[in-house]
Chemist: 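Before I ask anything, here is the structure I am working with.
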Amino acid sequence: MLILSRKIDEKIKIGEDITITLIDIHGDQVKIGVEAPKNVKVFRQEVFDAIQNENKAAVVEEQGNQKAIIAVSALSKLLKK
């Protein structure tokens, strides 16, 4: 992990396309601005984690649904015999 010290209005560059600007410091809260191309998604960590968890749950649910469809299809074929 790279650790940098910055003062208000100082910037950090990430590659050529992303700029982080220190906007304000108030007590133990720091406000930053992020300039990035529209195709770069920027999330707070807790939001990113929630999205990841929802995506994983959706995959598990979809796999369960597919297994249920296969089981019903197999049962249907057996009943037609």
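Just so you know, these numbers use all the heavy atoms, side chains as well, and skip hydrogens, waters and symmetry mates. One is the number of the first residue; the rest follow in order along the sequence.
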Chemist: Holding to side-chain contact (heavy atoms from CB on, under 4.5 Å), I want the full list of residues that pass it with Asn55, two or more places apart in sequence or in another chain.
Modeler: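 Counting only residues at least two positions away or on another chain, Asn55 forms a side-chain contact (heavy atoms from CB on, under 4.5 Å) with Ile51, Gln52.
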Chemist: Flag yes if Ile23 and Val34 sit in one hydrophobic cluster, no otherwise; membership is Ile, Leu, Val, Met, Phe, Trp, Tyr, and two members link when side-chain heavy atoms are under 4.5 Å apart.
Modeler: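 No, Ile23 and Val34 fall in different hydrophobic clusters.
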Chemist: Between Ile14 and Ile20, is any pair of side-chain heavy atoms under 4.5 Å apart?
Modeler: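 Yes, at least one pair of side-chain atoms sits under 4.5 Å.
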Chemist: Side chains of Thr19 and Lys13: is there a donor and an acceptor less than 3.5 Å apart?
Modeler: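 Yes, Lys13 and Thr19 have a side-chain donor paired with an acceptor closer than 3.5 Å.
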Chemist: Between CD1 of Ile8 and CG of Leu22, what distance do you get to the nearest 0.5 Å?
Modeler: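 Atom-to-atom, Ile8:CD1 and Leu22:CG are 6.0 Å apart.
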Chemist: Let me confirm one number: the NZ-CD1 distance from Lys7 to Ile25, rounded to the nearest 0.5 Å.
Modeler: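 Separation between the atoms: 10.5 Å.
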Chemist: Is the shortest side-chain heavy-atom distance between Ile12 and Leu4 below 4.5 Å?
Modeler: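 Ile12 reaches Leu4 side chain to side chain.
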Chemist: Treat each ILVMFWY residue as a node, draw an edge where side-chain heavy atoms are under 4.5 Å apart, and state whether Phe43 and Val30 are in one component.
Modeler: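 Phe43 does not cluster with Val30.
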Chemist: Taking only residues at least two apart or on different chains, which pairs with a member in residues 20-43 satisfy salt bridge (Lys or Arg N to Asp or Glu O under 4.0 Å)?
Modeler: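 Listed once each, the pairs would be none.
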Chemist: Of all heavy-atom pairs between Ala36 and Ile18, which one has the smallest distance, and what is that distance?
Modeler: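 Taking Ala36 first and Ile18 second, the nearest heavy atoms are CB-CG1, 4.0 Å.
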Chemist: Please name all residues satisfying side-chain contact (heavy atoms from CB on, under 4.5 Å) with Glu46, sequence neighbours left out, ordered by chain then number.
Modeler: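 For Glu46, the residues satisfying side-chain contact (heavy atoms from CB on, under 4.5 Å) (neighbours in sequence not counted) are Arg44.
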